[in-house]
Amino acid sequence: MLKAWFAIKLWQRVLGALVLGIIAGFVLGEEAQSIRWIGDLFIRAIKMLIVPLIFFSLVSGIAALGDLKKLGDVGGKALALFLLTALASISLGLTMGTVFEPGIGLDVALAQGSDIIAPPDMSWTDRLLALIPENPVMTMAEGQILPLIIFAVLFGISLLMAGEEAAPIVKIVDAGAAVMQKMTMIVMELTPFGVFALMAWVAGTFGFEALLPLATMVGLNYAGCFIIILVVYPLILRFIARLPVMDFYRGIFDAQAVAFSTASSNAALPVTLRCVQRNLGVSRSVSSFVVALGATINMNGTAMYLGLVAVFGAQLYGIELTATSYLLIAVTATLGSVGAAGIPGSGLIMMSLVLSAIGVPLETIAFVAGINHIMDMMRTMTNVTGDATIAVAVGRMAGEIDVEEYVSDDDV
Ligand code: ASP
């Protein structure tokens with residue numbers, strides 16, 4: 001029985017749970033409220049991961065850069081392009097969410113009679129001061145995300161500055177990040193149950209109108225990813241790398257197919273590297289550095305998605321987004337896409353970072369969890385294509401690309 005359960009892929013179980021949950025909701029009606037606690041249990045388990053996951057993955061990501069000095073030329077250019085594309089992607093997600101309003105028309109918070117969490121009314125200086133943790137342990141204990149990130153980033157930079165002396169700690173944070181990835185996998189196993197219960201509750205309480213926003217979300221996620229792949233990346237290839245665009249897409253297709261089917265940048269990494277080196281002619285040193293770093297920290301599809309979900313959640317719970325909220329979304333979605341591991345579903349976990357920063361209830365995650373995998377596949381393909389685009393651009397700027405190889409059509 002257990003064997004048969006695990007023989008089915010997790011995303012298929014989640015999708016099945018989504019469908020069954022909706023059916024159960026229609027059958028049970030208001031009664032479905034009685035199984036909502038299973039969904040709440042799932043959300044608590046996700047919350048449990050946030051603090052250690054952010055700390056370990058951010059610190060170990062920064063430590064993976066190696067040496068602040070060695071980072072030099074290639075690293076600086078790659079990071080600038082990673083940041084530029086992440087911000088463009090987040091803006092796209094925010095714009096689409098604002099224009100198409102996928103979360104409007106379903107006022108979950110009011111229907112539930114629960115309090116809307118208003119962002120605290122603070123002055124600019126107070127907000128700025130609140131970013132600096134007076135006590136990092138307290139910050140972690142209280143689950144304050146932004147000060148935690150500031151502490152983690154400073155910790156990572158200090159690790160790099162300390163060099164050899166800090167090597168044991170680098171080992172520990174790397175191990176910690178690996179452990180948290182495993183723990184995330186365990187929690188992900190709860191997804192089918194959480195999704196079943198929450199979908200039953202949503203469908204039972206709100207009926208058919210609740211399902212429309214989900215279909216809109218899937219559509220917007222795909223549209224946003226296509227825009228990044230077909231507009232943003234070609235602009236970089238055309239104007240920064242000054243290379244023909246079609247040759248790029250012919251050369252990278254295998255990596256895209258693996259990324260789409262596995263929903264994991266890490267799983268696609270070997271294929272991406274091979275495509276970038278053999279088909280696109282980028283040198284070994286530049287390609288391994290940029291593509292490996294990119295698979296960990298450059299996730300434009302995920303960044304776009306985080307922006308979109310933040311707007312969706314705010315609309316769902318009737319929370320007004322101010323200029324400060326948009327800024328917070330831009331910062332946390334960038335960090336979330338950096339912190340997300342290149343494994344299936346990690347974008348879903350990072351959502352908690354963005355949502356909690358702007359005071360949107362984490363229950364939003366439950367709404368999109370059931371359709372996460374279908375969207376994850378497309379996000380991952382976008383992420384991997386972005387890594388290859390930036391490897392080509394940096395290779396071109398550093399004179400480390402064989403243009404003949406790039407334009408030749410004898411791809412492997
Ligand atoms: N699965 C994605 C990746 O590996 C991350 C995400 O969940 O958005 O690139």
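Atoms within each ligand, like the ligands themselves, are counted from 1 in listed order. From a predicted model like this one, the values you see are computed outputs, not experimental measurements.
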Exercise for the section: Begin from the C-alpha positions of Phe248 and Tyr406 and carry the test ring pair (Phe, Tyr, Trp, His ring centres under 6.0 Å) through to its verdict. Expected result: CA-CA 7 Å; Phe248 174 83; Tyr406 180 94; 7.0 Å; no
Handout entry: Residue contacts for ligand 1, heavy atom to ligand atom, distance under 4.0 Å
Key = Ala263, Ser264, Ser265, Met299, Thr302, Gly342, Ile343, Pro344, Gly345, Ser346, Gly347, Asp376, Arg379, Thr380, Asn383
Exercise for the section: Look at atom CZ of Phe100 and say whether more than 12 heavy atoms of other residues, nucleotides or ligands are closer to it than 6.0 Å. Expected result: no
Handout entry: Asp174 bridged to Lys171 by N-O distance under 4.0 Å
Key = no
Practice task
Could you tell me which residues satisfy side-chain hydrogen bond (donor to acceptor under 3.5 Å, both in side chains) with Asn221, sequence neighbours excluded, listed by chain and number?
Solution key: none
Exercise for the section: Could you tell me whether Arg278 and Glu405 make a salt bridge, using a distance below 4.0 angstrom between a side-chain N and a carboxylate O? Expected result: no
Practice task
Using distance alone, with no hydrogens and no angle criterion, decide if Thr85 and Asn300 have a side-chain donor and acceptor under 3.5 Å apart.
Solution key: yes
